[in-house]
2 protein chains.
Amino acid sequence: MSLKKIAEMTGLSITTVSHAINGTRPVSAASKKKIAESIKAINFKPNLAARMMKTSRSKTVVLIIPATEPNNSTNCFFFDVLNGAKTALEKHGYSLIISTYPENVLNFDLSLIPILQRIWVDGILLVPPSNSMEDIKSIINSNLPIVLIDRKPKGCTLPVVYSDSKTISYKAVSLLLDSGRKRVAFLGVSSNNPTCCDRYAGYCEALYAHGIPVDKTIVRFYENNHASSLTEIINELIEHNIDSIFSANSMLALNVLKVISERNLKIPEDIAVIGFENLDWTQVTNPPLTAIVQDANAMGYRAAEILVDILAGNQPKESCVVLPAKLIKRKSHSNT
Amino acid sequence: MSLKKIAEMTGLSITTVSHAINGTRPVSAASKKKIAESIKAINFKPNLAARMMKTSRSKTVVLIIPATEPNNSTNCFFFDVLNGAKTALEKHGYSLIISTYPENVLNFDLSLIPILQRIWVDGILLVPPSNSMEDIKSIINSNLPIVLIDRKPKGCTLPVVYSDSKTISYKAVSLLLDSGRKRVAFLGVSSNNPTCCDRYAGYCEALYAHGIPVDKTIVRFYENNHASSLTEIINELIEHNIDSIFSANSMLALNVLKVISERNLKIPEDIAVIGFENLDWTQVTNPPLTAIVQDANAMGYRAAEILVDILAGNQPKESCVVLPAKLIKRKSHSNT
DNA sequence: TTGTAGGCGTTATCAC
DNA sequence: GTGATAACGCCTACAA
C-alpha cells in the first residue's frame with residue numbers, strides 16, 4: 001500500500017498521485033477522480049513515517065504534566081486539560097502524546113522525558129513545575145515550540161494559558177471579609193508554585209483593600225518537603241484564632257474540611273471555608289463547599305490552538321491567555 | 001545528525017554503527033567505545049521516522065478511553081489508568097498517544113478515531129464502550145494487537161485487565177444485609193456496561209445467598225438516553241420503601257448522597273449507602289461514604305505490560321487479569 | 001498537465 | 001569483525 005500502488009492502478013505517475021493527494025499542484029479532474037477511486041478501493045493511507053522523514057514533521061505534540069499519586073483530585077484537573085488539548089489537536093490533524101513528571105521531585109530534569117529524547121514531536125504543551133524559568137531551561141533548549149499551561153513562571157516570555165487566579169482569589173477572600181470575618185487564614189501548596197502565588201497575591205490584596213494587615217502567622221504553605229504533615233499544619237492554623245480559611249487548591253480544601261470536622265468545629269459558624277474544586281464532589285460535603293472552579297478544558301484547548309498556530313508558521317495572535325474563573329457560592333463561606 | 005555522521009567521525013561504516021547501537025551484531029570493544037563517544041559528542045539520537053520506515057514499528061501505542069463531560073469523577077479513574085499505562089510503556093521505550101470517544105453516543109464507530117486512520121501505532125489499549133463485541137469489531141479489524149481495560153464484553157477472547165467487580169459487590173451488599181438491611185436498592189449506569197453488569201451480578205448473588213429475592217422495582221439502570229433524570233430515578237427508588245442503596249459507580253453515589261440529603265433523610269439511619277470512589281472526596285461527605293475502590297493505576301500498568309509483551313512477539317502469559325478491589329468501611333453503611 | 005529521479009536515515013542482505 | 005548497497009514510501013526540484 002503506497003503511492004506506487006495507486007500510480008500503477010491509475011496508470012499515472014507517483015508524482016501526480018502525490019500532488020493530487022496533497023493538493024500541491026494542479027491535477028486534471030479526470031486524474032483526480034481515478035486517483036480518488038483507487039484510494040478508496042484499497043483504503044490507502046499515506047505512510048506517516050515516510051512523510052515525516054521528508055518533512056521532518058510528525059504531526060504529533062506532547063503534553064507534559066505533573067503526576068501526583070493516584071486518587072488525587074488534581075489529576076482530574078489535568079485530565080480535563082488533556083481532553084481539551086486533545087480535542088483541539090485532533091481538529092487539526094495532530095495526535096497527542098502524554099508524558100508526566102513527578103510533581104514532588106525538586107529539580108527534575110524535564111529534558112530527560114523519554115519522548116523528548118527521540119526525534120519525534122513537533123511541539124510541546126507544558127505545565128511547568130515551578131516559578132522558575134531555570135527549571136524548564138533544558139526543555140526550552142530543545143528548540144521546539146512550547147506553550148505553557150496553568151502556570152506562568154517568573155520572567156516567562158513563552159506563550160501561556162492560565163486562569164485568573166488572582167482576581168478570583170481576591171473575590172473569594174473579599175466575600176469572607178464582607179461577611180464579617182476578620183481572621184482569614186491562607187493555606188497554599190507551595191510558594192514556588194505560580195498559581196499558588198497568584199492566589200496568595202489575591203488574598204493579600206483583598207485584605208489590604210479591607211484595611212487588614214497580612215498576618216504571616218496564619219499564612220501557611222504546605223511545601224512538598226515540609227517537615228510537618230498537612231494535618232498538623234491545618235491544626236496549627238486553627239489554633240491561631242482564625243475565623244475562616246481560604247485554601248488554595250482542592251486537595252488542601254478537602255483536608256481542611258476533614259480536620260475541621262475531626263475537631264468537631266462547625267462550618268461556617270466556627271470557621272468559614274472557601275476552596276477550589278476540580279470536581280462535583282464539593283456539593284456533597286458537609287456543608288457544600290463554596291469554591292472556585294477553573295475551566296481546565298478550555299485551558300488545554302486554547303493552549304493547543306496556539307501551539308497549532310505556531311506550528312503552522314503563524315505569529316501567534318495572543319501570547320498570553322488569561323481565562324476567567326468562577327466562584328460558586330454554596331454554604332461553607334457564611335451563615336447569613 | 002545521522003548514522004552517517006557518526007560513521008564519518010569514527011572512521012567506521014554506517015552498518016557497524018547501526019549494529020553497535022542496536023546490539024544486533026558483535027562489535028569490537030574499541031569500536032563500541034569510539035562510537036559511544038561520538039554519539040555523546042554530538043548528542044546523537046536515531047531518527048525514529050527512518051527507523052519506523054524500515055521496521056514499520058512506531059514504538060507508540062494508543063490508549064482509547066471514553067470521555068465524559070469535564071468535572072466528572074469517572075475522568076479521575078481514567079487518568080489513573082492512563083498514568084499506569086504510561087509508566088509501563090515508558091519503561092519499555094514506548095510512547096503513549098491518547099484518544100477518546102464520546103461515552104454517550106450509541107454505536108460510535110471507533111475506527112473513525114483519527115489516530116487509527118493513520119498508519120501509526122503498534123498496538124491499542126482500549127476501554128470498550130459496551131457489552132458487545134460488535135461495537136469494537138471495526139477496531140479489531142485493524143489487525144493491531146489489542147488489550148482491553150476495565151470492561152470485558154460478552155464473548156470476548158481478547159486479553160483484558162479488569163477489577164473483580166462481582167466479588168467486591170457481593171461483599172458490599174452482604175455487608176448491608178448482614179447489618180440488618182432488607183430492602184437494598186441497586187443503582188447502575190447502564191445494563192450495557194460490562195462493569196455495571198458484574199456489579200449487578202454481585203448484588204443478585206448476595207441477595208440470593210441471604211435468601212432474599214431480587215425485587216426489580218428497586219433495581220434501576222440509568223441508561224444514558226433514559227427519559228427520566230438521574231435525580232428522578234433516585235427519588236423513585238427512595239419512594240419504594242428501601243432501607244439502603246448500593247450504587248454502582250462514583251457519579252451515581254454522589255447523586256444518591258445529594259438526593260438523600262435534599263429529602264432530609266439520614267444516612268445511614270434512614271437509608272444506608274455504599275458506593276464506588278475514584279477519589280479521596282468520599283471521606284469528607286456527610287457521613288463519610290463506605291465505598292469500593294479499584295486500583296486503576298495497576299489496571300493501566302498491567303494492560304500495557306501485556307501489550308508490550310505481545311508486541312515483543314511473545315505469547316502473553318495471561319490473557320485475562322482480574323484485579324482485586326477493596327471495600328473501605330466508613331460511616332454510611334451502618335449505624336452500629 | 002504530467003513524469004523522472006534523487007534522497008531523507010534507517011535496517012537488512014550479502015559479501016569479505 | 002566489518003562494509004557496500006539496496007530498499008522502505010514519500011516529497012520535490014527539474015524537465016517535458
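Quick note on labels: first sequence line is chain A, next is B, and so on, each numbered from 1.
Distance NZ (A:Lys5) to P (D:dC10): 12 Å, rounded to an integer number of Å. Atom CD1 of B:Ile6 and atom C1' of D:dG3 are 17 Å apart (whole Å). A:Met52 has its CE atom 12 Å from the P atom of C:dT10, to the nearest Å. In this structure, B:Asn47 atom CG and C:dT10 atom P are separated by 6 Å, rounded to whole Å. In this structure, the NZ atom of A:Lys4 is 14 Å from the P atom of C:dA5, given to the nearest Å. If you take NZ of A:Lys59 and P of D:dC10, they are 17 Å apart, rounded to a whole angstrom.
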Exercise. So B:Thr10 and B:Glu37, side chain to side chain donor-acceptor pair (under 3.5 Å) or not? Walk me through it.
Worked result: CA-CA 9 Å; B:Thr10 55; B:Glu37 281 166 3; over 6 Å; no

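Distances shown here put a side-chain N or O of B:Thr16 below 4.0 Å from the OP1 or OP2 atom of D:dG3. The phosphate of D:dC8 has neither OP1 nor OP2 within less than 4.0 Å of any side-chain N or O from A:Ser2.
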For this session: Scan nucleotides 11-16 of chain C nucleotide by nucleotide, 5' to 3', and note B when protein non-hydrogen atoms come under 4.0 Å of the base, S if they reach only the sugar-phosphate, - if neither.
Result: BB-B--

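Panel note: side chain A:Thr87, backbone A:Ala85; no donor-acceptor pair is recorded below 3.5 Å. For A:Ser38 (side chain) and A:Lys34 (main-chain N/O), a donor-acceptor pair under 3.5 Å exists by modelled atom type. At distances below 3.5 Å, not a single donor-acceptor pair connects side-chain atoms of B:Asp150 with backbone N or O atoms of B:Tyr162. Between the side chain of B:Arg151 and the main chain of B:Pro128, a donor-acceptor pair closer than 3.5 Å is present.
A side-chain contact (heavy atoms from CB on, under 4.5 Å) with B:Leu125 is found for one member of B:Ile306, B:Val81, B:Leu63 and no other, namely B:Leu63. A:Ser18 pairs with exactly one of A:Asn22, A:Thr15, A:Ile21 by the side-chain contact (heavy atoms from CB on, under 4.5 Å) rule, that one being A:Asn22.
Residue contacts shown for B:Ser31 are limited to sugar-phosphate atoms, with no base heavy atom under 4.0 Å away.
Between the side chains of A:Lys59 and A:Ser95, no donor-acceptor pair is found at a separation under 3.5 Å. A donor-acceptor contact under 3.5 angstrom links the side chains of B:Asn314 and B:Asp309, judged on distance only.
Heavy-atom nearest nucleotides on DNA chain D were determined for B:Met53 and for B:Gly11, and the one closer to the 5' end corresponds to B:Gly11.
Overall bending of the helix from C:dT1-D:dA16 to C:dC16-D:dG1, expressed as the angle between end axes built from five pairs apiece, is 30° (10° steps).
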